[in-house]
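First the proteins, then the strands, lettered A, B, ... as listed; each starts at 1. All of these numbers come straight from a predicted model, not from anything done at the bench. The figures here come from the full heavy-atom set of this structure, side chains too, leaving out hydrogens, waters and symmetry mates.
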Amino acid sequence: MPELPEVERARALIQSRGLRRRIVAVDDRDGYVCRPHGPGEIADALVGRELTAAHRRGKAMWCEASDDGPVLGLHLGMSGRIVIDGVEGGDPKPAAAGRGWDRFTLDFEDGGHLTMRDPRRLSRVRLEPNLDRLGPDAARIAAGPFRERVGRGTGPIKARIMDQAVIAGVGNLLADEGLWRARVDPRRAAGDLARDELDGLRRALRAAIRDAIAKGGVHTGKVIPARRRDGSCPRCGAAMRRATIGGRTTWWCSAEQQG
DNA sequence: AGCATTGTTTCACA
DNA sequence: TTGTGAAACAATGC
């Protein structure tokens, strides 16, 4: 269930358990997850090397490796998780294993493994991933750049913060959570938000991200359980409203988030 | 059976 | 240029 917090947990897992282990074999046979690389191409680039660092911007992750070869890009997509030696990153709920959901695997010399486990196969593994179209990370962007990038345009604010080229890392659930915390109507035009509203939204998003990383993922958010029919606002009890905004199902408080 | 789904990319179109 | 909506991708769960 990867948005920025899950990806950060996966990155931390790789950093703590996946580095400095010699890669002796690579299973890159899933041509969809590894596209456009051909079978064996990623293996040839990685065998004999060791991962030396794990980085993240938004929902994109990449690993440096020893001996000056290409960088390994990992994107969890809609349902991907990183598993190392049976330990999962990203989500506290253990994924059902051993159902043929392991789409990409590094075998280490010490007998351990790093695996991309993904039921739906929308995750991606790439050499030298292109990150040019990714905006600043949503967890790290400063107030000034946030106001400048987010507070413009005629489209709805929710679509704006989910645009990975504007800021990187906010997905559908995190967007609803942040807008709810900031008491901002998701339908409002991004360019209409006042300076203090933009500052408040930035703080709300950062707090939501921080909490989600600590608790285990975006689904631990305060308003997430209210995103259902007959749901009510956890703060004021008013009915939650639902609509499609920015192409995604959106829920917000009918009383606190309007105008 | 039918609908929805946490992500990304592409395309037609206004 | 900016934005929108839909479709496609693959597969699962309710």
Sugar-phosphate only, base, or nothing, as touched by A/G247 at under 4.0 Å among non-hydrogen atoms | nothing
N/O (side chain, A/H219) to phosphate O (OP1/OP2, B/dT6) under 4.0 Å | no
Grab the CE-C1' distance between A/M162 and C/dG3 for me, whole Å please.
-> 14 Å
Of the listed nucleotides C/dA11, B/dG7, C/dG3, the one nearest the side chain of A/R160 | C/dG3
Identify, residue by residue, the members of residues 56-64 of chain A with a heavy atom below 4.0 Å from DNA chain B, and return them in order of residue number, or none.
-> A/K59
If we take the P atom in both C/dA7 and B/dC3, what is their distance in whole Å?
-> 13 Å
Remember a base hit wins even if backbone is also touched, and classify A/T154 as base, sugar-phosphate or nothing at under 4.0 Å, heavy atoms.
-> sugar-phosphate
Side chains of A/V184 and A/I157: does their closest heavy-atom pair fall under 4.5 Å?
-> yes
In whole angstroms, how far is the P atom of C/dA10 from the CZ atom of A/R124?
-> 14 Å
Can A/T105 and A/T115 be counted as having a side-chain donor-acceptor contact under 3.5 angstrom?
-> yes
Looking at CZ of A/R21 and CD of A/E109, how far apart are the two atoms once the value is rounded to the nearest 0.5 Å?
-> 11.0 Å
Whole angstrom value for the distance that separates P of C/dC14 from CZ of A/R229 | 19 Å
Rounding to 0.5 Å, atoms CZ (A/R235) and CZ (A/R181) come to a distance of 9.5 Å
Taking a pair to mean Watson-Crick or G-U wobble geometry with both distances below 3.5 Å, C/dA10 pairs with none
Identify the two heavy atoms, one from A/H75 and one from A/M116, that lie closest to each other, and give their separation to 0.1 Å.
-> O-CE, 3.6 Å
May I ask you to decide whether A/K158 forms a salt bridge with A/D176, counting only side-chain N to carboxylate O separations under 4.0 Å?
-> yes
Hey, is A/K59 close enough to A/E6 for a salt bridge, meaning N to O under 4.0 Å?
-> no
note: A/Q164, atom CD; B/dG7, atom P; distance rounded to Å ~ 8 Å
May I have the distance from A/D118 (atom CG) to C/dA11 (atom P), rounded to whole angstrom?
-> 10 Å
Find which nucleotide of DNA chain B each of A/R242 and A/L134 is nearest to by heavy atoms, and output the residue with the more 5' nucleotide.
-> A/R242
At under 4.0 Å between heavy atoms, what does A/G246 touch on the DNA or RNA strands: base, sugar-phosphate, or nothing?
-> nothing
Taking atom P in both B/dT6 and C/dG3, what distance in whole Å separates the two?
-> 23 Å
B/dT6: pairing nucleotide in any strand, Watson-Crick or G-U under 3.5 angstrom = none
Please report, rounded to the nearest Å, how far the P atom of C/dG3 is from the CD1 atom of A/I157.
-> 11 Å
Looking for any heavy atom pair under 4.0 Å, which part of the strands does A/R248 touch: base, sugar-phosphate only, or nothing?
-> base
Is A/W101 near enough to C/dA10 that one of its side-chain N or O atoms lies under 4.0 angstrom from OP1 or OP2?
-> no
With respect to the side chain of A/M78, which nucleotide from B/dG7, C/dT12, C/dC9 is positioned closest?
-> B/dG7
A/E50/A/R22 under salt bridge (Lys or Arg N to Asp or Glu O under 4.0 Å): CA gap, chis, key distance, verdict | CA-CA 5 Å; A/E50 304 174 351; A/R22 186 181 173 84; 5.7 Å; no
When rounded to whole Å, the CG to P distance for the pair A/L76 and C/dC9 reads 22 Å
Would you mind classifying the nucleic acid contact of A/R228 as base, sugar-phosphate or nothing, using non-hydrogen atoms under 4.0 angstrom?
-> nothing
Options C/dT4, C/dT12, C/dC9, nucleotide nearest the side-chain atoms of A/P156 = C/dT4
In whole Å, what is the span from the CH2 atom of A/W251 to the P atom of B/dT6?
-> 11 Å
Identify whether any heavy atom of A/T249 sits under 4.0 Å from a base atom; if not, whether one sits that close to sugar-phosphate; answer base, sugar-phosphate or nothing.
-> sugar-phosphate
Sort out the partner of C/dT1 for me: Watson-Crick or G-U wobble, both distances under 3.5 Å, none otherwise.
-> none
Distance-only polar pair, side chains of A/S123 and A/D118, donor-acceptor under 3.5 Å = yes
Would you please confirm or rule out a distance under 4.0 Å between OP1 or OP2 of C/dA11 and any side-chain N or O of A/R121?
-> yes
